[in-house]
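Here's the structure, in structure tokens; my notes come after.
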Amino acid sequence: MAQRLRLSRRDFLKISALAGGGLLLGVHLPSSGRLAEAAGDAVFAPNVFLRIGTDGAIIVEVARSEMGQGVMTALPMLIAEELDVGLDQLSARFAPADTAYVNRLIGQQLTGGSTSVRDAWVVLREAGAVAREMLVATAAEQWGVPPGECRTERAQVIHGASGRRTGYGELAAAAASQPVPESVFLKDPEEWRLIGTRAPRLDVPEKVSGQARFGLDVRLPGMLFASVERCPVFGGRLLRVDDAKARAVSGVVDVVPVTAGIAVVAKDTWSAFQGRKALAVDWDFAGNETLDSAAIRRRFEARLAERGVPVREEGDAPKALSGAAKTVEAIYEAPFQAHACMEPMNATADVRADGCDVYVPTQAQTRTQQVAMTITGLPEERVRVHTTYLGGGFGRRGEADFVLDAVELSKHLGRPVQVVWTREDDIRHCFYRPATLNRLRGGIDAAGSPIAWEHQIVGPSILARVAPAAVKDGVDRTSVEGAANLPYAIPNIQVDYSLAGTQVPVGFWRSVGSSQNAWVTECFLDELAAAAGRDPFELRRALLEGSPRHLRVLELAADKAGWGKPLPAGRHRGIAVAESFAGFVAQVAEVSVGEDGQVRVHRVVCAVDVGPVINPDTVEAQMEGGIVFGLTATLKGAVTIEAGRVVQGNFHDFPLLRIDEMPLIEVHIARSDDPIGGVGEPGTPPIAPAVCNAVYAATGTPVRALPIALGPRKAGAEKAPAAQPMA
Amino acid sequence: MISLRINGETRRVEVDPETPLLWVLRDHLGLTGTKYGCGVALCGSCLVHLDGEPVNACVTPVGAVGGRTVTTIEGLAKDLSHPLQRAWIAEQVPQCGYCQPGQLMAAAALLAKIPQPTDSEIDQAMSRVLCRCGTYSRIRRAIHRAAVPETKEV
Ligand code: FES
Ligand code: FES
């Protein structure tokens, strides 16, 4: 039987009457985005709204960004579960940043900066339970019966003894004046009717009819389209422009300098692109035109020669190394990566004297609003952010550079303007996943157990750009996640970090630091296994005794993949496990390597533990998506720098995985009562090491740089992994 | 003035005939279901049918369309009744959804030609449409599902 629980965050919840009658419940769901975390959630600003109209309409408005991860379905499910309404009885929308709501609900409470998925998990169920309880109290009062005799079902309060029943709509107006309870009942997991089911996603119908409105689909009366020429070299600036030819292009309305460069504004997107090609621009490259990938690598190498800042020190790794029976040393190199969201960056702004509306596929509503306020000088309540569907996000849409373009232009022109980035803009002016250079040293004792682990990471810092104060003692924690928290029981561990900035802007990329650190550490562990002559799965298992959730998914993946069982000729397996964003995932990849050196991934078995599962179908979809995202970075492309600029520009030189390269993916969800974790990111980290470890098994040579680039192989070159001699 | 037959209607637009069909659809005719992803025939987000043939609208000058009929995602079916749309819903294919109009149009052209495609026929027809979200497994399942003549199911 469920127990009454005190509300965990009562100050996250506000109730009031809806204009025109009905109940309005606002919930402040702390954002889990890193940018927001860095900035701190200072003010109570409700971002999930439950509206129950007197007509019975139940609407959940989510001020969260739907970028494919299913949040627009998952969050309403949590409310609906405790409110006792069916998903078919409610509609979900993106909450407009509607100041009318916010003003009615806002108090100046401080909510502090700590954020987590767990907050949503608890807070939204509590919100549903609070609304339900107030509706029940209202009905009970009207009927003169004790609330305890009433139950709820499909948006009705029912008094069992008398058979009376009333719909939520009829109760909503009166319920709004009920006191907000201090404590509520939350259902026991066995009572859940929605949570844990494969509820169909609410956004799917719109997405198969072509009606879903993405940022680029915003159409406003009188709007213009713009394309911005940015300095091709990082850190440069505009010197002068000859725009005569651009202005002569039919459809071009204006050529306007903006912070990012020079914008061509036109009646349609194509004319803006054509006008842009006709610009003659002189840039000041600020001396950065000599920067290239080789120079960046040399800069990293120099830092590798000196000790970094220790982020984890246990035992005495150098001493243990010098006494080890066997040692292995390796340099691992991860490249810059672009997000390449399918929908290129864009934003539409409508700046008027009395207000500003920004229509944008964004992961960062607050930041968007702040940028618009700064440019327009308008107060917060006059700047409205309308979140559209996001055609991919992956961290890129936590930035506001595209917002800046649009707001500046609309302000200048006094008309709505949509800024459209070309694919080339999108790839060449990204905030890249940091490139890193890593040195690893491992030591094994005479019995074949790893006794020493040294890892030094050199690379640029994301936080140094977005939240410099969050860089503590020279350490960006996002750069070391997935490395500093190495889960293996090795007695002597030393992890160092050297912050080495470059002119290349870096940002959050799906699963952040873990996206490359899991690759480095999990591949190096296989090198140690080879040196010790031990099976990579068995070695992990032995070292993970103290990490039950790692072990759970590792064993599940190995079991489902048939680890140790024979494979068809030419196929090889690799295994990897990683924790990121509180999600634990292990994957086994089956690969073959062709004579031309082509790596083919045939099958991926994925085991995941994210605690309680809101919607298993969404978890599976996110694992599939995370694996494909990681496979692209493992097998396909990278961002490289030449002459101060990004070499790649479109899908011919920044290729994405295609359907004909898809492995079979099987996802197995572990039963788990452990705390709830994220699902959007944790699917990505293990795939690169699982594939590389399989390639290592196939070729005997560890893969120490990404993407995998093997030359043609000699016939019969297959051999078992061998220890690399100490350099 | 250029006259176009789109989704069963005749539409007239006043644009430079060199303008790609993609931008005429999106910016002049309000048919924003067809997406821009690369502009150079590399991603398939802009896929439409010309007389039933799949083409990349981003590299098709509107002046070259002539009397051919244009079908966009908006014209695939009313009320989500196309077997592929139903299959897409049943398999819960879309994630962000941005590439899905192109995926559906490519799949529709495939099924019109090969009612029961094999995996390698699916690979061949569908590898021109990219999906950054990685919905490929579900796309494959949905095409197979739509290819099976529908029985009375759930
Ligand atoms: S936009 Fe036409 S193929 Fe990419
Ligand atoms: S669903 Fe997002 S790109 Fe395909």
Side-chain angles (χ1 to χ4, degrees), chain A residues 66-70 198 200-201 203-214 216-217 219 225 250-251 267-271 273 339-344 389-394 420 422-423 617 621-622 624-629 631-632 650-652 656-662 664-665, chain B residues 15-16 18-20 22-24 26-28 30-40 42-43 45 72-77 79-80 82 84-86 88-90 92-101 104 120 122-124 126-140:
Chain A
E66 177 59 69
M67 44 189 163
Q69 82 285 39
R198 294 178 177 269
R201 285 175 51 161
D203 54 345
V204 165
E206 277 184 287
K207 288 179 175 178
V208 301
S209 69
Q211 299 304 314
R213 195 173 70 153
F214 295 88
L216 283 176
D217 303 334
R219 294 290 175 266
F225 297 83
S250 107
K267 293 200 178 108
D268 61 21
T269 315
W270 177 249
S271 307
F273 288 176
H339 305 77
C341 301
M342 232 36 242
E343 180 190 21
Y389 279 119
L390 283 67
F394 314 120
V420 183
T422 63
R423 174 57 59 197
D617 192 61
Q622 285 304 300
E624 291 164 17
I627 288 167
V628 174
F629 199 82
L631 274 177
T632 288
N650 211 316
F651 296 122
H652 62 293
L656 306 183
L657 198 82
R658 293 173 183 271
I659 193 169
D660 55 346
E661 299 163 305
M662 258 309 265
L664 220 69
I665 298 177
Chain B
V15 287
D16 179 345
E18 285 304 308
T19 310
L22 171 66
W23 302 109
V24 174
R26 293 185 48 81
D27 296 355
H28 294 270
L31 293 168
T32 53
T34 305
K35 304 301 186 205
Y36 164 65
C38 70
V40 288
L42 290 169
C43 77
S45 297
T72 69
I73 183 72
E74 290 91 346
L76 190 61
D79 317 326
L80 302 171
H82 193 284
L84 280 168
Q85 288 172 321
R86 285 207 295 264
W88 245 244
I89 292 170
Q92 294 281 293
V93 174
Q95 289 190 25
C96 85
Y98 193 78
C99 73
Q100 299 299 334
L104 281 155
S120 71
I122 291 175
D123 278 353
Q124 228 192 340
M126 300 304 293
S127 61
R128 65 189 291 184
V129 194
L130 299 177
C131 175
R132 184 58 154 157
C133 298
T135 63
Y136 299 128
S137 313
R138 288 168 187 239
I139 288 172
R140 186 186 302 285

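Naming convention: chains lettered A, B, ... in sequence-line order (proteins, then strands); numbering from 1 in each chain. Predicted model, so just to flag it, every value in this text is computed and none were measured.
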Under 4.5 Å from any heavy atom of chain A, what part of L80(B) do you find: side chain, backbone, both or neither?
side chain
Are any side-chain N or O atoms of E74(B) and backbone N or O atoms of S209(A), one a donor and one an acceptor, separated by less than 3.5 Å?
no
Is there a side-chain contact between V204(A) and W88(B) in this structure, where contact means two heavy atoms from C-beta onward sitting under 4.5 Å apart?
no
Which atoms of Q211(A) are under 4.5 Å from chain B, going by heavy atoms: the side chain, the backbone, both sets, or neither?
side chain
Salt bridge (Lys or Arg N to Asp or Glu O under 4.0 Å) against D27(B), all qualifying residues, sequence neighbours excluded
R219(A)
Check each atom of A621(A) against the heavy atoms of chain B and say whether the ones under 4.5 Å are side chain, backbone, both or neither.
both
Checking L104(B) against chain A: side chain, backbone, both or neither under 4.5 Å from a heavy atom?
side chain
Indicate the atoms forming the closest heavy-atom contact of P344(A) with G37(B), along with that distance.
CG-O, 4.2 Å
Please name the pair of heavy atoms, one in V208(A) and one in I73(B), separated by the smallest distance, quoted to 0.1 Å.
O-CD1, 3.8 Å
Rounded to the nearest 0.5 angstrom, the OG1-NE2 distance for T269(A) and H28(B) is 8.0 Å
Test of understanding: with ring pair (Phe, Tyr, Trp, His ring centres under 6.0 Å), list the residues that count as partners of Y136(B), not counting sequence neighbours.
none
Any side-chain heavy-atom pair from L216(A) and T32(B) closer than 4.5 angstrom?
no
Candidate pair F394(A) and C133(B), rule side chain to side chain contact (heavy atoms under 4.5 Å, CB included), full reasoning
CA-CA 9 Å; F394(A) 314 120; C133(B) 298; 4.1 Å; yes
Using only atom types and a distance under 3.5 Å, with no angle test, would you say the side chain of R132(B) pairs donor to acceptor with the backbone of M342(A)?
no
Heavy-atom proximity to chain B below 4.5 Å, by part of V628(A)
side chain
Going by an N to O cut-off under 4.0 Å, is there a salt bridge joining D217(A) and K35(B)?
yes
Hey, what do you get for NZ (K207(A)) to CD (Q92(B)), rounding to the nearest 0.5 Å?
10.5 Å
Give, as side chain, backbone, both or neither, the part of S271(A) having an atom under 4.5 angstrom from any heavy atom of chain B.
neither
When H652(A), E343(A), R198(A), M662(A) are compared by non-hydrogen pairs under 4.5 Å with chain B, the top option:
E343(A)
Measure the spacing between OG of S137(B) and CG of L664(A) and express it to the nearest 0.5 Å.
7.5 Å
Greatest number of heavy atom pairs closer than 4.5 Å to chain A - which of L31(B), V15(B), L42(B)
L42(B)
Which bit of H82(B) is near chain A, if near means a heavy-atom gap under 4.5 Å: side chain, backbone, both or neither?
neither
Under 4.5 Å from a heavy atom of chain A, the part of E18(B) involved
backbone
Proximity breakdown for L656(A) and chain B, heavy-atom pairs closer than 4.5 Å
both
Can you check whether T135(B)'s main-chain N or O pairs, donor with acceptor, with E624(A)'s side chain at less than 3.5 Å?
no
Exam field: side chain D268(A) to backbone W23(B), donor-acceptor pair closer than 3.5 Å
no
Counting heavy-atom pairs under 4.5 angstrom with chain B, the leader among P205(A), G70(A), G251(A), A340(A) is A340(A)
What option among A90(B), G33(B), G97(B), P101(B) has the most heavy-atom pairs under 4.5 Å with chain A?
G97(B)
So, the part of I139(B) with a heavy atom under 4.5 Å from chain A: the answer is side chain
When heavy-atom pairs shorter than 4.5 Å are enumerated against chain A, which of Q124(B), Q100(B), Q95(B) gives the highest number?
Q95(B)
Hey, could you give me the SG/CZ distance between C131(B) and F629(A), rounded to the nearest 0.5 Å?
11.5 Å
Is any NZ, NE, NH1 or NH2 atom of the basic residue among D617(A) and R138(B) found under 4.0 Å from an Asp or Glu carboxylate oxygen of the other?
yes
Quick check against the 3.5 Å criterion: does Y36(B) have a side-chain atom that pairs as donor or acceptor with the backbone of R423(A)?
yes
